[in-house]
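Below is one structure, written out as structure tokens; comments come after it.
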Amino acid sequence: MNAESSFRVKLFSLLSLFWFVISVCRGDDTITANKSLSGDETIISANGSFELGFFKPGNSSNYYIGIWYKNIPVKTIIWVANRNNPVSDKYSSSLKISSDGNLALVSGESESLIWSTNLNFNTSNTSVVSVLLDDGNLVLRDAENSNSSLISPIWQSFDYPTDTFMPNGKLGLNKKSKWMRNLTSWTNSEDPSTGLFTIQRDPNASQFIMLWNQTQLYWTSGLWIPDQRIFSLIPELRFLKTQLYSFDYIDNENESYITYWINNPSFITRLVMDVSGQLNQLTWMENIQQWVLFWSQPGQQCEVYSYCGAFGYCNQTSLPYCHCLDGFEPKLSTEWNLKDYSGGCARKTRLSCANHVNDSSGDKFLMSPGKVLPEHPEFVLTSSLQECESTCLRNCSCSAYAYDTDGCFVWSGELLNMKQLSDSDSGGKTLYIRMAASDIPKNSGNRKVVIGCLMGLLTGLAVLLILGFIINWRQKRRLIKAAKTIKTSLTRFGYRDLQLSTKNFSQKLGGGGFGSVFKGTLPDLTDIAVKKLECVSVAHGEKQFRTEVSAIGNIQHVNLVRLRGFCSEGTKRLLVYEYMPNGSLNTHLFQKENSRILSWKVRYQIAIGIARGLTYLHEKCRDCIIHCDIKPENILLDSEFCAKVADFGLAKLVGREFSRVLTTIRGTRGYLAPEWISGMAITSKADVYSYGMLLFELVSGRRNASSGKTEFFPTWAMNKLIEGDDVLSIIDPVLEGEVEIDKVNRVCKLACWCIQDEEDHRPTMGQIVQILEGFLDVDMPPIPRSLQVFVGNEESIMFFSEFSSDQPSTEETSYASAISSVTNGTSSYASATSRT
């Protein structure tokens, strides 16, 4: 052998040895044929973001192979390999490249196969490695191309997601193989096995659906609209393409899927099919070290099908949301405590199935009012409530019945998908639940009557003895008691009590179309604001008034003025609110000579505060509450200039089962959305329009159509933005240019999006909060057609003055005529809404 041949042999041997060393000692992100994982061993992605290894969820005794965020202190699992096949000992189990080239999890001395990538290779000698990538994707690749990102992997975990949809992944359908990439929830927080709730691409349409138990549809995204790049029932997607992340929907002959990606590498987000049955988008907030909910569908927990299981019902107004019917208890209490309510509830006492109503040992029925009735009722032809009850009682499998004007309905077996409504909700039905007689509450009415009579007699004697003393100090005592309870609960005041606290209504704070507001002071020196309602008809009965007051009184939010109490004595109706020392926003914007000048920073925080308050009303309450009269006069400022939405005199409650409500015109001219004038049913987007008008006034420091001005300010401001003119000309002159230009642009763009003619083009209040907080970005909006009507139109500009009414005025008719020129155009608002 010559020297050259000898050199080549040595070089080849050296390279072979080098490759072997690289294969064995490969970085921490790779599993090779010579390197497996067992026990506490893990691999970490090259950038240190993700880690793969064995984990044990919560207090479970089972181990799983999973991927989690490496640098987030709250252990967050994004993928599980063996979710339905756990192992009990991580030290006797290993994740390895098997002899057939698959990535496999084996357990025990016999290396029983627990999980595998289950690929069919043409040869058993295929050399593969498994690499954990920087985006959390675990891939299987040919060893010789393991570092190439240009070559498609043999297998990847992103094709088999569990409950989490990660950036750069795909969710949808492979049309050729019919393989569905979907998300399925964990069973509970300590069990990653396949749960009941799934989101997937609809096999028959270009939309995504959520299923309970792979059978019952309970949510849909609506069809994809290519030209708008949104799903029809998720219009907020229009605002989710931001500087932080973007998404796209691909639909071709091979695939149909949605994907999204991160534009800002410091932004950490994920989409999770939660154990609650909701799809949640969560964002990691480093400053508070928590995952924060960014977006969720369905919006209400009780919209999830059969969330509380058999014989359980969902109550949106209480936590936890799930409860058992009277006479029932959680079937699996451990799972129930882990928020896995799928097991539902079980009877405390077995039924006897005695079929005689008068049999004291037989089954009885317990009335359960205010229910959204269970699924799958059976109609029975009967003529009375008693006959309906007897029909159910004669059938041992009958669990419940309901009877109303629609007839008799009975249910056999388990009761599913029940919801509890409050007393003030319309649509609630009374359900009669079959129970063992021993579980029916005993009637103790006679005993209560006797005790009540004795107590009444003793109380009467005591009153006669100390009547004179009571008359002198009763009023003061009531006020002291009210002062103690007013901070924690809604208090009922007497009219004379409020006369005393307000010094006979002598210190007037302000007034409007529905009454005047006076300052008062309770005995503990707590300041209050008392609104004395005017024009209250006797027909507006006490029960109705108290129901409405109760609905508003239960609302508590830092950006909503708190209702502390009320008075209802005949036609005397008064509302008691917390006192706001800095008055209303309009005095600071339009009467600067008598008040403090609001800095730009304060104005921006006021805009966010109002948006947060309205978001709570629209999205977080049991019923959607449309305020209907958003304007500077109804925004109050506390001692720290925190904005609080006030005056719910025109508010409209809309049940979650309805998307819009038809009502007479209400609100203040200059802030009314076009749909009011066109006579259409309204949604919460009417408040969004009013909020947009308010934003313009917050920026300019003057009315949108001030006296003596020939140009409508929103139109003028938007022209300035579009033309790229000096933005400082838009802002309030008293600020002397001390503003944040980018935020001024953001607010003006947002304001014009809010006052778009078509309500579907306006953002929700929740999206507005995210835009103002910098989570979402906004593009330059078009100038609404209705704004263009006001250019040089003095008659229309007259409409913009302070007025509140439930009936349209002559000036409103003028405004309606102006709007007609918009709605009768080729792209009419009414036509667009009708098509929607």
Side-chain angles (χ1 to χ4, degrees), residues 78-79 117-122 131 133-142 145 148-184 197-211 214 217-265 267 269-273 279-281 295 297 760-761 776-777 779 835-836:
I78 66 167
W79 181 77
T117 52
N118 200 29
L119 299 173
N120 293 320
F121 291 103
N122 294 328
V131 183
L133 303 183
D134 291 338
D135 56 4
N137 189 15
L138 181 67
V139 301
L140 207 61
R141 289 177 174 168
D142 191 300
N145 299 303
S148 175
S149 59
L150 301 177
I151 299 177
S152 298
I154 303 170
W155 176 94
Q156 59 181 346
S157 61
F158 273 11
D159 284 340
Y160 302 87
T162 47
D163 69 327
T164 304
F165 182 29
M166 293 292 291
N168 303 320
K170 296 179 181 180
L171 195 64
L173 173 68
N174 185 313
K175 295 181 180 179
K176 290 189 174 181
S177 66
K178 303 302 181 183
W179 174 250
M180 187 80 73
R181 300 184 187 95
N182 54 28
L183 303 180
T184 303
F197 305 107
T198 300
I199 181 169
Q200 66 180 46
R201 198 262 196 192
D202 188 340
N204 304 312
S206 296
Q207 64 178 355
F208 284 84
I209 57 176
M210 291 186 194
L211 301 173
Q214 288 293 330
L217 173 70
Y218 65 89
W219 178 88
T220 175
S221 67
L223 295 176
W224 176 253
I225 306 175
D227 57 336
Q228 298 185 34
R229 310 301 295 168
I230 61 170
F231 291 99
S232 60
L233 299 182
I234 320 179
E236 59 266 30
L237 288 181
R238 181 182 293 110
F239 300 93
L240 293 181
K241 287 190 176 181
T242 72
Q243 294 176 347
L244 300 176
Y245 69 98
S246 303
F247 76 93
D248 200 4
Y249 179 71
I250 308 298
D251 192 1
N252 54 42
E253 61 180 7
N254 297 321
E255 294 181 292
S256 175
Y257 65 89
I258 190 169
T259 186
Y260 70 107
W261 58 94
I262 303 299
N263 297 326
N264 185 338
F267 186 64
T269 188
R270 59 194 175 99
L271 276 165
V272 180
M273 192 64 209
L279 181 67
N280 293 334
Q281 182 176 10
W295 178 82
Q297 287 291 338
D760 285 344
H761 291 174
L776 299 180
D777 200 4
D779 297 327
R835 287 194 300 271
T836 303

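We number each residue from 1, following the sequence as shown. Note: hydrogens, waters and symmetry copies are ignored here, and every other heavy atom, side chains too, is used.
Residues Thr164 and Pro161 share a closest heavy-atom pair of O-CB, 3.8 Å. In terms of heavy atoms, Ile78 sits closest to Thr162 at O-OG1, 3.8 Å. Taking all atoms of both residues into account, the shortest heavy-atom contact from Phe165 to Tyr260 is O-OH, 2.7 Å. Nearest heavy atom pair, residue Gly222 against residue Leu233, reads CA-CG, 3.7 Å.
Between Asp251 and Lys175 there is a salt bridge, since at least one side-chain N of the basic residue sits less than 4.0 Å from a carboxylate O of the acidic one. With salt bridges taken as basic N to acidic carboxylate O contacts below 4.0 Å, none links Arg201 and Glu255.
Atoms CD1 and NZ, on Ile258 and Lys170 in that order, are 13.0 Å from each other to the nearest 0.5 Å. Gln214 CD to Thr184 OG1: the interatomic distance, rounded to the nearest 0.5 Å, is 6.0 Å.
By the side-chain hydrogen bond (donor to acceptor under 3.5 Å, both in side chains) test, Asn254 pairs with Lys176, sequence neighbours left out. Scanning for side-chain hydrogen bond (donor to acceptor under 3.5 Å, both in side chains) contacts around Gln200 gives an empty result, with sequence neighbours left out.
More than 12 heavy atoms of other residues, nucleotides or ligands shown are found within 6.0 angstrom of CG on Asn252.
The only member of Trp219, Trp224, Phe231 that meets ring-ring contact (aromatic ring centres under 6.0 Å, His included) when paired with Phe208 is Phe231.
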